[in-house]
Amino acid sequence: MVYLVDFIGVHCGMHYYLDAFKRILESLDGVEVGIVSNYSVDGNPPVLLNHYAGNKLRKIISAGRNLIRLQKFISRHRDDHFIYLTYGNILDPYFLKVISKAPHHCIDIHEALAQNEDSNIRLREKLAKVYSSNISDVITHSSRTDDYLMQFGYEGNKYEVPHFKYVFPRDYDMQSISDDIRRSVDKDKVNVLFFGNITREKGIDILLDAVNNISDKDAARLNVIVAGKDIDGVYRRVKLKSDRKVSFFTRHISDDELRFLYDNVDYLALPYRKTSQSGILEMAFYFKKPIIASDIPYFRKMLTLFPSFGYLDGNCSKDFSQALHEMIYRDPSDFFNDDEYARYENRKEVEDFKAQFRKWITSKNDQK
């Protein structure tokens, strides 16, 4: 049995990635996959608590209880295989140490060091100690992660694979969509969505400055929707011009609302300053919505492989303004070339990873 372990789950939409990963692994003969997270799977109660819910004291207590729950779960399944999804945040050194006690473990690194923790020297040192001493196998998705592993002194096995594409129903219950979300889409304008945690690292200020800087003529054609949790308040520092149409939803966005927004907008904005991979991008591709992305390594790689999937701009608001100007006057149907999308649907790198994963399971079973 292979268990995918993740403590974010439904808090930030990681259940979509877990389901995609599960589908990939179960395509291998004889591989059964379970999910250890904070949401119900196949009608079974969740193994972990959602330690992002409630007040600060509840969050701390729940995180501690999750560490204990995971320890007990591993002790009951010592012959099984564990893949732990890590994000490089302050809790990860503790969870990594727990998961490293499993005889057969592998770390799926979404962020080796969280984007908002780059200057946290203490956390960097803790993670470096865990990776150099306790972790033998990792899965990576980008050069940013590879660079951090080198800095951490990691010398174990490394398996590279793109972010797994999503497969889930695209429909949604309109009764579950709040009135403000429904009204945010303007069918008479070009609708651009910024989705996910609203932070400086994800360039929300770049997007809003760009909206301010476009011409009044362009602004009259543009409708921007910003939906996700406000992490650092940086979006409030940009004073929008009164005639710019931008809607903010700084709260948890339900699955139905997420699907509604992706289904009804024209473009996804990804003005990120840095990232190792992006489920937001993969979701856009799943809904065949072209992206407007900053020129950072991960987005550059994806739009080099699949150039018809969107537009790669520079790394500042001036460049993003130009990108918005060009996109406003393009037809979204110009994007997603059929041949490219077929290649995206059947990425060779994923098949290569499946073969590597089969070898990993075999090698771990041989150690029993």
Side-chain angles (χ1 to χ4, degrees), residues 163 184-196 198-228 234-235 238-248 261-275 277-341 343-344:
H163 191 296
S184 69
V185 175
D186 188 336
K187 293 298 186 181
D188 295 325
K189 297 181 184 291
V190 176
N191 293 276
V192 174
L193 173 66
F194 177 102
F195 188 86
I198 304 169
T199 65
R200 182 183 182 279
E201 285 76 19
K202 294 195 173 182
I204 182 61
D205 55 322
I206 293 175
L207 172 61
L208 298 181
D209 280 334
V211 172
N212 270 343
N213 292 337
I214 60 175
S215 70
D216 292 344
K217 178 184 176 183
D218 288 351
R221 293 175 57 91
L222 181 66
N223 179 50
V224 176
I225 303 166
V226 178
V234 72
Y235 83 94
V238 180
K239 184 173 177 56
L240 283 165
K241 294 180 179 178
S242 59
D243 62 344
R244 274 29 179 181
K245 189 171 182 183
V246 183
S247 302
F248 293 94
L261 288 171
Y262 270 88
D263 189 38
N264 286 281
V265 299
D266 301 297
Y267 299 102
L268 265 291
L270 294 99
Y272 294 10
R273 287 182 166 90
K274 52 192 172 183
T275 196
Q277 48 78 44
S278 175
I280 307 300
L281 172 146
E282 295 294 335
M283 194 79 73
F285 291 174
Y286 181 59
F287 279 87
K288 289 193 174 182
K289 302 295 180 178
I291 62 172
I292 312 169
S294 54
D295 188 4
I296 58 175
Y298 186 76
F299 296 155
R300 187 186 315 124
K301 177 182 177 182
M302 293 302 293
L303 287 178
T304 298
L305 291 170
F306 311 107
S308 73
F309 286 16
Y311 186 87
L312 191 72
D313 72 5
N315 299 83
C316 64
S317 58
K318 180 180 178 182
D319 293 330
F320 219 83
S321 294
Q322 181 61 32
L324 289 174
H325 167 75
E326 294 183 18
M327 288 299 198
I328 285 170
Y329 297 98
R330 288 187 67 175
D331 186 336
S333 64
D334 291 344
F335 297 91
F336 291 98
N337 172 281
D338 288 343
D339 291 339
E340 282 183 21
Y341 201 77
R343 182 158 48 83
Y344 167 74

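By convention here, the first residue in the shown sequence is residue 1.
Asp313 places a side-chain heavy atom less than 4.5 Å from the side chain of Tyr311. Here the side chains of Asn223 and Val190 are not in contact, with every heavy-atom distance at 4.5 Å or above. Taking the side chain as every heavy atom from C-beta outward, Leu324 and Ile292 approach each other to under 4.5 Å. With contacts defined as side-chain heavy-atom distances shorter than 4.5 Å, the pair Gln322/Glu326 qualifies.
The main-chain N or O of Ile328 is never found under 3.5 Å from a side-chain atom of Asp218 such that the two would form a donor-acceptor pair. The closest donor-acceptor contact from the side chain of Thr275 to the backbone of Ser278 lies at 3.5 Å or more, if one exists at all. Lys274 places no side-chain N or O within 3.5 Å of a backbone atom of Ile296 that could act as its donor or acceptor partner. Between the side chain of Asn212 and the main chain of Lys241, a donor-acceptor pair closer than 3.5 Å is present. A distance-only check finds a donor-acceptor pair linking the side chain of Ser294 to the backbone of Tyr272 [under 3.5 Å].
Under a 4.0 Å N-O distance rule, the pair Asp186/Lys245 qualifies as a salt bridge.
In this structure, the side-chain contact (heavy atoms from CB on, under 4.5 Å) partners of Lys288, at least two apart in sequence or on a different chain, are Phe336, Tyr341. Shown here are the ring pair (Phe, Tyr, Trp, His ring centres under 6.0 Å) partners of Phe248, two or more places apart in sequence or in another chain: Tyr235. Evaluation of the side-chain contact (heavy atoms from CB on, under 4.5 Å) rule for Asp338 yields no partner, not counting sequence neighbours. Residues forming a side-chain contact (heavy atoms from CB on, under 4.5 Å) with Asp334 (at least two apart in sequence, or on another chain): Arg330, Asp331. Remark: Phe195 pairs with Tyr262 by the ring pair (Phe, Tyr, Trp, His ring centres under 6.0 Å) rule, at least two apart or across chains. Partners of Phe320 by ring pair (Phe, Tyr, Trp, His ring centres under 6.0 Å), not counting sequence neighbours: none found. With sequence neighbours left out, the side chain to side chain donor-acceptor pair (under 3.5 Å) criterion links Asn264 to Tyr172, Lys187. Applying the side chain to side chain donor-acceptor pair (under 3.5 Å) test to Asp188 and every residue at least two apart in sequence or in another chain returns nothing. Qualifying side chain to side chain donor-acceptor pair (under 3.5 Å) partners for Arg300, counting only residues two or more places apart in sequence or in other chains: Asp295. Under the ring pair (Phe, Tyr, Trp, His ring centres under 6.0 Å) criterion, His163 pairs with Tyr17, Tyr166, sequence neighbours left out. Residues satisfying the side chain to side chain donor-acceptor pair (under 3.5 Å) criterion with Arg221, sequence neighbours excluded, are absent altogether.
Environment of CZ in Arg244: crowded, with over 12 heavy atoms of neighbouring residues, nucleotides or ligands closer than 6.0 Å.
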Sequence neighbours left out, cut at 3.5 Å: what donor-acceptor pairs do the side chains of residues 201-210 make with other protein atoms?
unit_1, atom_1, unit_2, atom_2, d
Asp205, OD1, Arg273, NH1, 2.9
Asp205, OD2, Arg273, NH2, 2.9

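Note: Phe285 and Tyr344 meet the aromatic proximity criterion, with ring centroids under 6.0 Å apart.
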